[in-house]
Amino acid sequence: MSTRIAFLKGHGTQNDFVIVPDPENALDLPAAAVAALCDRRAGIGGDGLLHVVRSAAHPEAREMAAEAEWFMDYRNSDGSVAEMCGNGVRVFARYLQRAGHVEAGDLAIATRGGVKRAHLDKDGDVTVGMGRARLPEGEVTVSVDGRTWPARNVDMGNPHAVAFVDDLAYAGELLAPPPVAPAGTYPDGVNVEFVVDRGPRHVAMRVHERGSGETRSCGTGACAVAVAAARRDGADPEVTGEASTYTVDVPGGRLMITEYPGGEIEMTGPAVIVAEGEIDEEWLRAAGL
């Protein structure tokens, strides 16, 4: 390809992304090229890649085009395709605003996990409607360095195993996926969160994201953690009729998660565009683009 490719770099609570605008879906982004772009030493570097495409131009999103003009074609840093990324949605929304496609206020974004509603606050935060959590039945355990903990199985459009521990250091280095049992519970892999209490309705977490390793933040993971903590604490908005809000500290910052009666979950946090530029042509050829 002789034409340079534009890119931006952004992050949400230090969960960082390479952003590739491609409204008409003209770019072929094979897994190896995505992994090369996300490489922190030889590429731009990121926990994932946000491929920005008009919904009508992408075969996986055309049915959502009437509801959401833009599709977040999200890729993990290893190049694999993912259903959703909560921090990614916030950064995606911030990019659309920066590019002049939307203004502050409400907007809809198509994802493989369905259409997500976002609100761009004037103070810089972005609130995203994350949908409902599903709590699949069955006991799950997570193990690290000879320790084993029970974990709550939470589905936020992508799978999570949430383990409450006494010390976040127990999670170890999180370079490899922590073993989860029973084997076969998550045939496509799972995001694993380790959680400690910081105060009333206030927790802190570390996460191993499938396909990315440990990241500084995970939006869907923070939602899964808030739901798991609420159920552990006996708070279920479906039962009480009252919204449940948890503060979730991640290594890269802080997210506010609210679950409403009816099941809808909202996540609020910052989203920042750091830089923009063009990818070098020679590098592109070497990466196979």
So which heavy atom on [X] is nearest to which on [Y], and how close?
{"X": "Ala133", "Y": "Val227", "result": "CB-CG2, 4.0 Å"}
{"X": "Gly219", "Y": "Leu255", "result": "CA-CD1, 4.4 Å"}
{"X": "Asn87", "Y": "Gly12", "result": "CG-O, 3.7 Å"}
{"X": "Pro159", "Y": "Asn191", "result": "O-ND2, 3.0 Å"}
{"X": "Ala118", "Y": "Val126", "result": "CB-CG1, 4.5 Å"}

Compare all side-chain heavy atoms of [X] with those of [Y] and state whether any distance is below 4.5 angstrom.
{"X": "Met205", "Y": "Asp249", "answer": "no"}
{"X": "Phe92", "Y": "Trp70", "answer": "yes"}
{"X": "His51", "Y": "Leu29", "answer": "yes"}
{"X": "Leu8", "Y": "Pro21", "answer": "yes"}
{"X": "Trp149", "Y": "Ser143", "answer": "no"}
{"X": "Val115", "Y": "Ile109", "answer": "no"}
{"X": "Met72", "Y": "Leu50", "answer": "yes"}
{"X": "Leu49", "Y": "Asn76", "answer": "no"}

Under the rule for side chain to side chain contact (heavy atoms under 4.5 Å, CB included), what residues qualify as partners of [X], not counting sequence neighbours?
{"X": "Asp188", "result": "Arg210"}
{"X": "Ala230", "result": "Ala235, Ser244, Tyr246"}
{"X": "Pro178", "result": "Val142, Val144, Leu174, Val192, Phe194, His208"}

About how many Å separate [atom2] of [Y] and [atom1] of [X], when rounded to the nearest 0.5 Å?
{"X": "Arg90", "Y": "Asn15", "atom1": "CZ", "atom2": "CG", "result": "8.5 Å"}
{"X": "Arg112", "Y": "Met64", "atom1": "CZ", "atom2": "CE", "result": "8.5 Å"}
{"X": "Met156", "Y": "Arg134", "atom1": "CE", "atom2": "CZ", "result": "11.0 Å"}
{"X": "Phe17", "Y": "Cys85", "atom1": "CZ", "atom2": "SG", "result": "3.5 Å"}
{"X": "Glu242", "Y": "Asp236", "atom1": "CD", "atom2": "CG", "result": "12.0 Å"}
{"X": "Ser55", "Y": "Glu69", "atom1": "OG", "atom2": "CD", "result": "8.0 Å"}

(request) Identify which one of Ile265, Val89, Asn158 satisfies the side chain to side chain contact (heavy atoms under 4.5 Å, CB included) criterion when paired with Thr220. (result)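 It is Asn158; the other options fail the test.
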(request) Could you check Thr215, Val196, Leu168, Val250 and say which one makes a side chain to side chain contact (heavy atoms under 4.5 Å, CB included) with Arg206? (result)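 For Arg206, the side chain to side chain contact (heavy atoms under 4.5 Å, CB included) check succeeds only for Leu168.
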(request) May I ask you to check if Arg54 and Phe71 form a cation-pi contact, with NZ or CZ under 6.0 angstrom from the six-membered ring centre and within 45° of the axis? (result)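 No - Arg54 does not lie over the ring of Phe71 by the 6.0 Å and 45° rule.
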(request) Would you mind telling me which of Thr268, Asp106, Thr127 makes a side-chain hydrogen bond (donor to acceptor under 3.5 Å, both in side chains) with His119? (result)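 Single pass found, and it is Asp106.
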(request) Just jot down the salt bridge (charged side-chain N to carboxylate O under 4.0 Å, His left out) partners of Arg117, sequence neighbours excluded, or say none. (result)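 Applying salt bridge (charged side-chain N to carboxylate O under 4.0 Å, His left out) to Arg117 gives Glu67.
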Are [Y] and [X] connected in a single hydrophobic cluster, I mean Ile/Leu/Val/Met/Phe/Trp/Tyr linked by side-chain heavy atoms less than 4.5 Å apart?
{"X": "Met267", "Y": "Tyr74", "result": "yes"}
{"X": "Val128", "Y": "Leu96", "result": "yes"}
{"X": "Val53", "Y": "Met84", "result": "no"}
{"X": "Ile273", "Y": "Leu120", "result": "yes"}

(message) Under the ring-ring contact (aromatic ring centres under 6.0 Å, His included) definition, can you give me all pairs with a residue in residues 218-240, not counting sequence neighbours?
(response)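 Checked against ring-ring contact (aromatic ring centres under 6.0 Å, His included) - neighbours excluded - no pair reaches residues 218-240.
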Any donor-acceptor N/O pair, [X] side chain to [Y] backbone, under 3.5 Å:
{"X": "His160", "Y": "Val162", "result": "no"}
{"X": "Asp197", "Y": "Gly199", "result": "no"}
{"X": "Thr185", "Y": "Pro182", "result": "yes"}

(message) Going by salt bridge (Lys or Arg N to Asp or Glu O under 4.0 Å), Asp47 matches just one of Arg216, Arg40, Lys9, Arg75. Which one?
(response)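 Passing option: Arg40.
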(request) Take atom CD of Glu103 as the centre, draw a 6.0 Å sphere, and report whether it contains more than 12 heavy atoms from other residues, nucleotides or ligands. (result)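 Incorrect, the count does not exceed 12.
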(message) Let's go through Glu278 and Ile5 carefully: what are the C-alpha distance in whole Å and the side-chain angles of both, what is the deciding distance for side-chain contact (heavy atoms from CB on, under 4.5 Å) to 0.1 Å, and is it a yes or a no?
(response) CA-CA 6 Å; Glu278 292 181 328; Ile5 295 177; over 6 Å; no
(request) Can you sort out the partners of Asn153 under side-chain hydrogen bond (donor to acceptor under 3.5 Å, both in side chains), two or more places apart, ordered by chain and number? (result)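 Only Tyr186 meet the side-chain hydrogen bond (donor to acceptor under 3.5 Å, both in side chains) criterion with Asn153.
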